[in-house]
Amino acid sequence: MLDEHDHRALGQRLDLFHLQEEAPGMVFWHPRGLVLYRLLEEHVRQRMRREGYQEVRTPQLYAQPLWERSGHWDNFRENMFLVEDGARHLGVKPVSCPGHIELVQRMAPSYRDLPLRLGEFGLVHRAEPGGALHGLFRLRQFTQDDGHIFCAEPQVVPEVVRFARSLKDFYAGFGFDDVQVAFSGRPASRAGRDELWDKAESWLLLAAKEAGLQCHMQPGEGAFYGPKLEFVLKDRLGRAWQCGTIQLDLVLPERFDLHYVDASGARVRPVMLHRALLGSLERFIGVMLEHHGGALPPWLAPQQVVVASVGEGAADYAERFAAKLQEAGCRASVDRRGESLSRKVLDAHAAGVPWLVVAGAREVAAGNVRLRQRDGAQRDVPWEDAAAELVASCRPAPNA
RNA sequence: GCCCUGAUAGCUCAGUUGGCAGAGCGCAUCCUUGGUAAGGAUGAGGUCACCAGUUCAAUCCUGGUUCAGGGCUCCA
């Protein structure tokens, strides 16, 4: 029996998603859950655009030699899904980096194009060991808010600083106010010469210092291709969740013989930065659900307002109020069932709806509505003021 | 991948010392038009995870598989 605050139980109670035996480690997103997923995705997309990323989409399957070249074949072959394609094997992508590298190869960038920032909501598949799966936290199919920055060496530090700026505001928009930073250095099993690692680690540490980040040092915890800065969120239960990351990679550009053309016409090797804000969208949703105990901030609630009519005579009044909210972009609906108000309150609460609006004969007569918040607080508010307040409450946080 | 525990209705679970399968919620129909956390009645809904074995008889015992929960390992 799952605890009622477990995101798997919340996902069911809020009718967001489910998992089932026929598709282990993969999510069935219900209509409400997909609303939440899309809100999160669109929020990140807007931020990426503001930060100068161009969104792309790359293939799901690649021939085995590409994974051999990237090093994923050596390091993660056991955790990759393979598909037969005639005489050869295709590997289902567990990461999007090689796809972005291929894309950049084809773009044949000049130094004028740098830093080249590519973003992708990358759907990835990993054949995680059976015992590792855990609800949305550890899936076999999930979506990364992935991005790669291809830049010249002098641009590395400024790009890392740029990434780190306003991150606190971004996470605060989801209700996470405690963000800690960790630096993960070269692991025992790695690709690339030690000189490359020396360079990569010193640049990343310098960037962290310039960005004013206080890093907790984690030697040996880096990726096989480079060191990482990790952004760790603390939730209400004090648990730590690594979500954001930026990783400095001098290895993959070399392995793929990636280059750009500099001002003198010479071919130069770019540096690659791997970065994500949420890591996995699915996992982030799980973390948010548990952090908020299912009571998501209004801007992320799949259903923001339920207008509960009391008595048949007030149903049209309730419909008009809901329509006004909907026109303003609010996710509002009317509960005009022939049920008691208690039942409507209970159902809206169980569904995680932040605002309940009561519209009955009294409200019709007074030209107002009665607002009920999640905590049960109630007050009468004139029609126009109530609409304005609800619309404002349902807008996303400005800085995020 | 390893250790432990489990799998019974759409969901959460009870139960059968081996002999016709149970509840609550949800769902359907009808009644009820209701004022802030469960209105009432009736009804439908099951290959007791899957595959073998033991047995007159298996949802129940045994083995295997799959999946799940807890822990470990791993997490690009």
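Values below: all heavy atoms of this structure, side chains included; hydrogens, waters and symmetry mates excluded. All values derive from a computational prediction rather than experimental measurement.
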Query - Distance below 4.0 Å between A:His18 side-chain N/O and B:G10 OP1 or OP2 - result: no
**Report entry** Test: A:Asp85 and A:Arg88 ion pair at under 4.0 Å
**Finding:** yes
Query raised in the report: Between A:Phe284 and A:Phe174, is the ring centre distance below 6.0 Å?
Result: yes
Query raised in the report: Between B:G39 and A:Ser340, is there an OP1 or OP2 to side-chain N/O distance shorter than 4.0 Å?
Result: yes
Query raised in the report: If you measure only the distance, is there a donor-acceptor pair under 3.5 Å linking the side chains of A:Gln303 and A:Arg32?
Result: yes
Query raised in the report: Which ILVMFWY residues are connected to A:Leu133, directly or by a chain of links, through side-chain heavy atoms under 4.5 Å apart?
Result: none
Query raised in the report: Between A:Thr58 and A:Glu120, is any side-chain donor less than 3.5 angstrom from a side-chain acceptor?
Result: yes
**Report entry** Residues that A:Glu153 engages under salt bridge (charged side-chain N to carboxylate O under 4.0 Å, His left out), provided they are two or more places apart
**Finding:** A:Lys199
Requested in this report: Pick out which of A:Arg236, A:Arg239, A:Arg283 makes a salt bridge (charged side-chain N to carboxylate O under 4.0 Å, His left out) with A:Glu290.
Outcome: A:Arg239
Query raised in the report: Donor-acceptor pair under 3.5 Å: do we get one between A:Arg138's side chain and the base of B:C74?
Result: yes
Requested in this report: Assess whether one donor atom and one acceptor atom, taken from the side chain of A:Glu363 and the base of B:G35, lie less than 3.5 Å apart.
Outcome: yes
Report task. Measure from the ring centre of A:Phe76 to the centre of the six-membered ring in the base of B:A76, then say whether that distance is under 5.5 Å and the planes meet at under 30°. Result -> yes
Query raised in the report: Does the distance from a Lys or Arg side-chain N to an Asp or Glu carboxylate O, for A:Arg186 and A:Glu201, drop under 4.0 Å?
Result: yes
Report summary line: Here the gap from A:Leu281 atom CG to A:Phe121 atom CZ, rounded to the nearest 0.5 Å, amounts to 6.5 Å
Requested in this report: Toss me the dot-bracket line for RNA chain B: Watson-Crick and G-U wobble, both under 3.5 Å, 5' to 3', using | for pairs to another strand and [ ] for crossers.
Outcome: (((((((..((((.....[..)))).(((((.......))))).....(((((..]....))))))))))))....
Query raised in the report: With a distance cut-off below 6.0 Å to the six-membered ring centre and an angular limit of 45° from the axis, does A:Arg255 pair with A:Tyr225 as a cation-pi contact?
Result: no
Report summary line: Sorted by number, residues from residues 311-318 of chain A placing a heavy atom under 4.0 Å from RNA chain B are A:Gly311, A:Glu312
Report task. Measure from the side-chain N and O atoms of A:Gln242 to the backbone N and O of A:Gly244, and report whether any donor-acceptor pair falls under 3.5 Å. Result -> yes
**Report entry** Which residue lies more 5' along RNA chain B, comparing A:Gln247 with A:Val345 via nearest heavy atoms
**Finding:** A:Val345
For nucleotides 42-44 of chain B, print each protein N/O atom paired with a nucleotide N/O atom at under 3.5 Å, atom names and distance only.
none

Anything under 3.5 Å between a protein N or O and an N or O of nucleotides 25-27 of chain B, put it in a table, one pair a line.
unit_1, atom_1, unit_2, atom_2, d
B:G26, OP1, A:Arg343, NH1, 3.4

Report summary line: On RNA chain B, more 5' by nearest nucleotide between A:Gln144 and A:Leu133 is A:Leu133
Report task. Decide yes or no, distance alone: a donor-acceptor N/O pair under 3.5 angstrom between the base of B:C75 and the side-chain of A:Arg126. Result -> no
Query raised in the report: Looking across every strand, which nucleic acid part, if any, lies under 4.0 Å from A:Gln373 by heavy atom: base, sugar-phosphate, or nothing?
Result: nothing
**Report entry** Shortest non-hydrogen separation from A:Glu159 to A:Leu273 and the atoms involved
**Finding:** CB-CD1, 3.7 Å
Report task. Indicate whether the side chain of A:Arg50 and that of A:Ser166 have a donor and an acceptor atom separated by less than 3.5 Å. Result -> no
Query raised in the report: For A:Glu22, which contact category applies under a 4.0 Å heavy-atom criterion: base, sugar-phosphate, or nothing?
Result: nothing
Report task. Describe the nucleic acid contact of A:Ala361 in one word from base, sugar-phosphate, nothing, applying a heavy-atom distance below 4.0 Å. Result -> base
Requested in this report: Count the heavy atoms belonging to other residues, nucleotides or ligands that lie under 6.0 Å from CZ of A:Arg57, then report whether that count exceeds 12.
Outcome: no
Requested in this report: Check every strand shown and say whether A:Ala132 touches a base, only sugar-phosphate, or nothing at a heavy-atom separation below 4.0 Å.
Outcome: base
Report task. Compare side-chain N and O positions of A:Arg8 against OP1 and OP2 of B:G70 and report whether any pair is under 4.0 Å apart. Result -> yes
Query raised in the report: If you look at every strand shown and take non-hydrogen atoms under 4.0 Å, does A:His274 touch a base, only sugar-phosphate, or nothing?
Result: nothing
**Report entry** A:Lys228 side chain near B:A76 phosphate (N/O to OP1/OP2, under 4.0 Å)
**Finding:** yes
